[in-house]
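All values below come from the heavy atoms of this structure, side chains included, with hydrogens, waters and symmetry mates left out. Being a predicted model, the structure only gives us computed values, none of them experimental.
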Amino acid sequence: SVRLAGQSALGATFSDSNLTVYTNTPDLTPCFQNSLLAWVPCIYLWAALPCYLFYLRHHRLGYIVLSCLSRLKTALGVLLWCISWVDLFYSFHGLVHGSSPAPVFFITPLLVGITMLLATLLIQYERLRGVRSSGVLIIFWLLCVICAIIPFRSKILLALAEGKILDPFRFTTFYIYFALVLCAFILSCFQEKPPLFSPENLDTNPCPEASAGFFSRLSFWWFTKLAILGYRRPLEDSDLWSLSEEDCSHKVVQRLLEAWQKQQTQASGPQTAALEPKIAGEDEVLLKARPKTKKPSFLRALVRTFTSSLLMGACFNCSGLTTLPLASKPASYLVSPGSILIRFISDPTAPTWWGFLLAGLMFVSSTMQTLILHQHYHCIFVMALRIRTAIIGVIYRKALTITNSVKREYTVGEMVNLMSVDAQRFMDVSPFINLLWSAPLQVILAIYFLWQILGPSALAGVAVIVLLIPLNGAVSMKMKTYQVQQMKFKDSRIKLMSEILNGIKVLKLYAWEPTFLEQVEGIRQSELQLLRKGAYLQAISTFIWVCTPFMVTLITLGVYVCVDKNNVLDAEKAFVSLSLFNILKIPLNLLPQLISGMTQTSVSLKRIQDFLNQDELDPQCVERKTISPGPNTLTSGRSWSRPWVYSLNIQIPKGALVAVVGPVGCGKSSLVSALLGEMEKLEGAVSVKGSVAYVPQQAWIQNCTLQENVLFGQPMNPKRYQQALETCALLADLDVLPGGDQTEIGEKGINLSGGQRQRVSLARAVYSDANIFLLDDPLSAVDSHVAKHIFDQVIGPEGVLAGKTRVLVTHGISFLPQTDFIIVLADGQITEMGHYSELLQHDGSFANFLRNYAPDENQEANEGVLQHANEEVLLLEDTLSTHTDLTDTEPAIYEVRKQFMREMSSLSSEGEGQNRPVLKRYTSSLEKEVPATQTKETGALIKEEIAETGNVKLSVYWDYAKSVGLCTTLFICLLYAGQNAVAIGANVWLSAWTNDVEEHGQQNNTSVRLGVYATLGILQGLLVMLSAFTMVVGAIQAARLLHTALLHNQIRAPQSFFDTTPSGRILNRFSKDIYVIDEVLAPTILMLFNSFYTSISTIVVIVASTPLFCVVVLPLAVFYGFVQRFYVATSRQLKRLESVSRSPIFSHFSETVTGTSVIRAYGRVQDFKVLSDAKVDSNQKTTYPYIASNRWLGVHVEFVGNCVVLFSALFAVIGRNSLNPGLVGLSVSYALQVTLSLNWMIRTLSDLESNIIAVERVKEYSKTETEAPWVLESNRAPEGWPRSGVVEFRNYSVRYRPGLELVLKNLTLHVQGGEKVGIVGRTGAGKSSMTLCLFRILEAAEGEIFIDGLNVAHIGLHDLRSQLTIIPQDPILFSGTLRMNLDPFGRYSDEDIWRTLELSHLSAFVSSQPTGLDFQCSEGGDNLSVGQRQLVCLARALLRKSRVLVLDEATAAIDLETDDLIQGTIRTQFEDCTVLTIAHRLNTIMDYNRVLVLDKGVVAEFDSPVNLIAAGGIFYGMAKDAGLA
């Protein structure tokens, strides 16, 4: 330093402690000021330069026009450069004139000058690169100002001391320099205009972060505007900022996809190479190829994609940790400034400015750390969000291409789970990834500092911590096993609930609710027991967690004091080590959490990787090209996977209409799938020329408007659209639907009847105007006259599709004569092929089949004339009104399930068979809000579920407190207060101990001190444990009560409730909301109590030790309150918007998966990817501000915490004469904890608010209206009623729900006991409604029903329903044994059951099963064919054998043979019973005693079939259509 400064008047020394430290007016030596201090900013700028230039090279944002601001900045830079040069020349001037200036006067101006020039150039380069606010330069100017402040002061002090200015020239240039630097700093804080050509100009609501200045970004000030808006009124979608380009799905997903494809090519690379040298002998090749089959790694792909974000996060984390010794989160800035502060208080001779400097240092370092760490968190969380987006996108794209065999392995539910649960796990674990290296680092640092203070004794404490890790681990492992078991129970409970909701109508009709209620409650009981065990363990681990720091401190200090009599415990040692142990505690406790998170994520990773490695459909499977043999369109010779269809050779000429027929399960649908390229081809070739339209067997309807369903992504052409609607008989339906063609169709087309769905699906094909039409049995779902209309208008030789190639799979015999040729399939092979007339003459299987079931042919011919006249009228009547008849004819559920068996038995391409019912279960439990099927005008069928807004009502908290038990609640509050009082007591005791007067360098009463301290600590732990236990008991009780109330209410809700409420929404209450009540609420409340009481005790301790602090408490509290209110209002609404925007992603996904074959057939895969991305983006739009809101909160609350630290230190310095060091240590160590607890308090408060909504939602559904009581004790039905089965309707009217039209109007009729009555009528005439009234599923609007003279309205529902029998239209089975499905109450013996099986033609099937009556039916009875399910329902009826039987005939679900079986059995077994049959096939009721014809809810005709045909009325017309008259 001497050489540098020269032996001039500057003073030779570089540093001088008398001048700097031990004085009341400190100063730095001139040499230091001129050299190092002036160089700091320059060194910083040159160090940052390479990285910054690299960044600017790669981030081009357009360029900014030269503005006044930019000119000013540049001018200042140039001036500063000039000043430095002037200084330099002055030194040379001195050199020339004989005075020899010190070398520093040459070096410093030179260095500063070059740096200023660099800064000036940077300003311009940034402008060209479009940087609006430069952090690098702001920090540079700030450093310049700070480093110039010290010389600024010392120069003035020196001049005052000397009485004159020693070096006027340099004095002047320095002050000019200072002024310029200050201006430059101020100017750099202002922002430039947005760059030209930037995308922001197009954006309506860009994210302010992009244009925010440096300081605004550091402190997240840019978020404030949204926080204020959210406080003023609940936020809406339109308030949210649009996503930045690099966050958008298509960008992020594309990056991950590219990385993943690279992985795939790398993995498959070696294999192909290994297989080349074929000549080398086969064994060698095999050996070579085997070890190389490595799977592509999804983890590598993820890391490659997100490397930059990970590195950035790590950098921020590093710089956050460098301030750790100064300001270690969360509890010790004490290591350096804190301990020096205690030393300072203990040393009365120290100059006061030390204290202020220390307080300032503590504040600055903690603020720096706050800002850096929150940047780190922001970076990491945004990365986590991108990871989730990318994973969802990749899974969606994969799901569009998987083969059908893969589709059978993965249910829709499982795929949705990959998307929701597994992708979410990645998002949850990403923020902790940096802990993997930073946690061990923190531990090592803390141990190092402890060793410095306490020497080897510190190891005792560390040992305790280390020993507790396995204990914690064991507890968490045990909790994990409980959780897994409990998840199993929960799954089975939700599955059972889902079945109950899907089959609720059947349960009501059979009066079977009690058994299912018992089953659910049984499962719930076991679930709660496990929950209780888990929660007790949780309480124990809380106890460990609270006692750890305590035990550690106790043992360490005990060892320290006892090892050596000369070890004296003073304030500094006690409190510094205390806070160091607190630092240790955090990473050590996070590690187990991190490890369990990592293991879960690795499981998810494996699942996603397995899914992404599944086989994909071969796009080249079907050649779409011109084919040599003339104008033919489809040729194929093939054998398909697991040969469902084999060795087919077909050529279909262009424009032909081909019918494909054959028995159930012979591979008809598979043939169609093969033409679409949906099956795996084993050999042969398939060629298709032209575009394809496809109508699947089960209509696939999207959740959008009817018009969108028909257009299916094509531009609107009014004429063609009108034609499609007309020919598919949809016009009449549009008049009935509340919004016409703008009516929103619910998920899976729930608010359309089966027939309407099929027709919409057909209209989509007609509108698409393709060359080839593949129609998979589109006519089975519609009534016979509509089928005829559609065949004539659309499919047949005269229809709109005439001239196109049509392949029609059909069961309808009547249309076959009009086809060009017929393909007859059996067991996957073609048995016959040719024209109708040829096949009849062949006398093969086809001809036999026809003779049995075809009506007489000449009748058909003359029927055509009449048919045409009636057609218009009939079509009008076929439409099914959403209002009146949702449950009539073909109920929605039935349609979804219809003909599963066909697909199951043929395992047709659809593969949807098995997936459908599962879908319902999973998606609904994942979704928050099930998309409501809302209609655009009034008359909405399903009420929209509303996202709550505003504050949660206090009554909800009160409800929960009552469920927990008021005494319990009060007790918990008291326990918490007690526990905190004890904790304060222990720490006060410690501070008193440290102030013990030393005698001969020893403290005397060590044992007493240790003993009391230990007692207090253990007492605190016990109180914690007790409060946790109490909370567990209360929470479990609340969970039990709330669930029971919900369950009982839902089971007793009337049918109309289930018609208007999607089952997903009810299931949501049982899964999501009950889960929150079970597992989330109690821990949240405990955490809230913890942070609340900690904050209070902090204030108490600080105020007690430094009373001056009271002055600051109020303003800080007000600021905190403001932040809290803004944050809670905004973040709550953001969370709600997020959950509302999340469900569409999954419902769209499950919709896509069920319709992949349709989407691929119409070639709309790309559009659907875009759609999915848009849905994910709208979810991201809500999540991004939510992430920012947490950072905004963190920065502002930690600012409050840092202020608390600052003021408690300042007031300690001010009142140092009256304070002892122990108290200061106490108050500062408490102040340091306050930041964390303040932050947690707001977080848990808003968590509690968003979670307590679950209680509100469950309560809402526990108070819905219920149906009449099940049993009226005062009015039981007489024993053996009904004896004869006389049914009488007197002046009976009914409506589905209040406010709707009457469905039956003044119905009066009398049916004798034992009479057989057929009920017929058009769709919507009220046939099904009549039977529902008999069972009181619908209650009378007026009039009454008598059975055997007893008014059914006067007895309990179960008394009534258990005495009537129904064979419903849709055969619903529940998962469980066959015995349970027949006799859930266990009332009948095995002999009885076998006898009924014999009668219902099932005994052969059941006895062939190894388990017999214990044969397990899957959910919905999917492992039985539809016919078999119908027979099971018949068996149920035979078991009951009541005097009144209602038969709701299945429409097209069954083949004619099963139908004959059922009819035959009913005629023999129910000979003396009253039978009411709703008939769709008239031939079944032609021999009944009487037929009732209903028309629009009124009795039109009621007489014997013979008389009705003779009368020539409505019935005659229907019989004529069916070829029976």
Under a 3.5 Å distance rule, please check whether Lys1175 uses its side chain to pair with a backbone N or O of Pro1144 as donor and acceptor. no
Ion pair Arg524/Glu527, N-O distance below 4.0 Å: yes
With salt bridge (Lys or Arg N to Asp or Glu O under 4.0 Å) as the test, would you mind laying out the steps for Arg1069 and Glu1260 before giving the verdict? CA-CA 10 Å; Arg1069 302 291 190 277; Glu1260 173 196 356; 3.5 Å; yes
Pick one: which of Val1080, Ile1074, Val1076 meets side chain to side chain contact (heavy atoms under 4.5 Å, CB included) with Asp1078? Ile1074
For Trp512 and Phe516, take the angle between the two ring planes, folded into 0 to 90°, and tell me which bin it lands in: parallel under 30, tilted 30 to 60, perpendicular over 60. parallel
Check whether the side chains of Thr1152 and Tyr396 place a donor and an acceptor atom closer than 3.5 Å, and report yes or no. yes
Any chance the side chains of Gln1180 and Thr389 put a donor and an acceptor closer than 3.5 Å? yes
Is it the case that the side chain of Glu499 and the backbone of Ser1375 share a donor-acceptor pair, with hydrogens and angles ignored and the cut-off at 3.5 Å? yes
Check whether Lys1072 reaches the backbone of Ala1254 with its side chain - one donor and one acceptor, N or O, closer than 3.5 Å. no
Answer yes if the ring centres of Tyr976 and Phe1092 are under 6.0 angstrom apart, and no otherwise. no
Modelled atom types, side-chain donor and acceptor of Thr1266 and Asn1049, under 3.5 Å: no
Assert yes or no for the condition that the ring centre distance of Phe1057 to Tyr1261 is strictly below 6.0 Å. yes
Looking at Lys606 and Asp610, is there a salt bridge between them, counting it only when a charged N and a carboxylate O are closer than 4.0 Å? yes
Test side-chain hydrogen bond (donor to acceptor under 3.5 Å, both in side chains) on Glu513 and His1048; report intermediate values, then the result. CA-CA 10 Å; Glu513 299 103 326; His1048 282 260; over 6 Å; no
Quick check against the 3.5 Å criterion: does Thr1183 have a side-chain atom that pairs as donor or acceptor with the backbone of Asn1179? yes
Check whether the side chains of Thr601 and Arg425 place a donor and an acceptor atom closer than 3.5 Å, and report yes or no. no
Asp1383 side chain to Arg1379 backbone, donor-acceptor under 3.5 Å: no
Counting only N and O atoms by type, is there a donor-acceptor contact under 3.5 Å from the side chain of Thr1094 to the main-chain atoms of Asn1090? yes
